[in-house]
Amino acid sequence: MALRVLQKRSALLAERSRELGEARLVVGAAIVRSGRLLAQQRSYPESHAGQWELPGGRVEDGEKPEEALVRECVEELGVSVVVGEQVGPDVPLRKDMVLRIFAAELAELDGDEPEALEHNAVRWLTAAELPVTDWLPADRVLVPALQELLN
Ligand code: 9L3
Ligand code: MG
């Protein structure tokens, strides 16, 4: 019963956002360590399998963007991150979604190495590797801002 009430509320909120013309937010983490940026290689959908992206995903109803990013990094990489400032502009994705990237660092006390729990692989990229990496289209738009972050 309570679940149905919550589902109804969530559907109403989503409808109101669409009326207001607000895009659904997808957040991504620019995790930097020792001058390198962490990227992960997608395994799905088939159209994007093999391409690289910054870790992250959709912000759920009632979640702050930063909270969503911490949750996504645990789910996808098995690590805790400390979230910083936004990097670069919001980038429109298909449909009513935009991608927003935040600078991030691995939480010091954690000590775990990021692992590809839902992806094919993870890599630490140098600034020189950023332009020659096969990024998802939205992430590619952010390459100049990411290079600036590394330099
Ligand atoms: N997306 C693009 N670049 C990224 C991320 C984290 C996500 N760095 C796109 C891919 C999907 C959508 O956003 O179309 C939702 O992301 P996810 O839930 O598949 O990670
Ligand atoms: Mg994701």
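Scope of the values below: all heavy atoms of this structure, side chains included, with no hydrogens, waters or symmetry mates. As the structure is a prediction and not an experimental result, all values here were calculated from the model. Remember, it's 1-based here, ligands and their atoms both numbered in the order they're listed.
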Determine, step by step, whether Leu99 and Leu54 satisfy the side-chain contact (heavy atoms from CB on, under 4.5 Å) criterion, reporting the C-alpha distance in whole Å, the side-chain angles of both residues, the deciding distance to 0.1 Å, and the verdict. CA-CA 10 Å; Leu99 176 65; Leu54 299 174; over 6 Å; no
Would Leu125 and Arg36 satisfy side-chain contact (heavy atoms from CB on, under 4.5 Å), going step by step from the backbone distance to the final call? CA-CA 5 Å; Leu125 302 172; Arg36 289 170 183 250; 5.9 Å; no
Between Phe102 and Glu66, is a side-chain contact (heavy atoms from CB on, under 4.5 Å) present by the stated rule, with each step listed? CA-CA 8 Å; Phe102 292 89; Glu66 289 86 350; 3.9 Å; yes
Passes side-chain contact (heavy atoms from CB on, under 4.5 Å), Glu129 versus Arg123? Steps please. CA-CA 11 Å; Glu129 286 171 320; Arg123 275 189 67 185; 2.9 Å; yes
Can you check side-chain hydrogen bond (donor to acceptor under 3.5 Å, both in side chains) on Glu76 and Gln40, steps first, answer last? CA-CA 9 Å; Glu76 296 186 340; Gln40 61 181 10; 2.9 Å; yes
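Each of the atoms 7 (C), 13 (O) of ligand 1 lies under 4.0 Å from some heavy atom of Val26. If you number the atoms of ligand 1 from 1 as listed, the ones under 4.0 Å from a heavy atom of Arg94 come out as 14 (O). Taking a cut-off of under 4.0 Å to the non-hydrogen atoms of Leu136, the atoms of ligand 1 that pass are 2 (C), 3 (N). Residue-ligand proximity, Gly57 to ligand 1, at heavy-atom distances under 4.0 Å covers atoms 6 (C), 18 (O), 20 (O).
Salt-bridge check for Arg71 with Glu67: failed, with every basic side-chain N at 4.0 Å or more from each acidic carboxylate O. A salt bridge between Asp96 and Arg24 is absent, with no side-chain N of the basic residue lying under 4.0 Å from a carboxylate O of the acidic one.
In this structure, atom 12 (C) of ligand 1 lies nearest to the protein heavy atom Met97 CE, 4.1 Å. Of the protein's non-hydrogen atoms, Arg58 NE, 4.0 Å is the one closest to atom 15 (C) of ligand 1. Among all protein heavy atoms, the one lying closest to atom 5 (C) of ligand 1 is Glu53 OE1, 3.5 Å. Taking atom 3 (N) of ligand 1 as the reference point, the nearest protein heavy-atom neighbour is Asp139 OD1, 2.6 Å.
Checking Leu25, Leu69, Leu93 against atom 13 (O) of ligand 1, the nearest heavy atom belongs to Leu93.
Of all N, O or S atoms in Glu76, the one lying closest to the Mg ion (ligand 2) is OE2.
Side chains of Glu53 and His48: a donor-acceptor N/O pair is absent below 3.5 angstrom, by distance only.
Residue Gly56 places at least one N or O, backbone or side chain, under 3.5 Å from an N or O of ligand 1. Here's the thing with Leu54: one of its N/O atoms is less than 3.5 angstrom from an N/O atom of ligand 1.
The distance from the Mg ion (ligand 2) to the nearest N/O/S atom of Pro55 is not under 2.8 Å.
Screening Leu117, Ile31, Leu106, Asp112 for a side chain to side chain contact (heavy atoms under 4.5 Å, CB included) involving Leu77 leaves a single residue, Ile31.
Hydrophobic clustering (side-chain heavy atoms under 4.5 Å, transitive across Ile, Leu, Val, Met, Phe, Trp, Tyr) groups Val141 together with Val143.
The proximity of Glu75 to ligand 1, defined as any non-hydrogen pair under 4.0 Å, does not occur for either the backbone or the side chain.
By the 4.0 Å heavy-atom criterion, Arg42 is counted among the residues contacting ligand 1.
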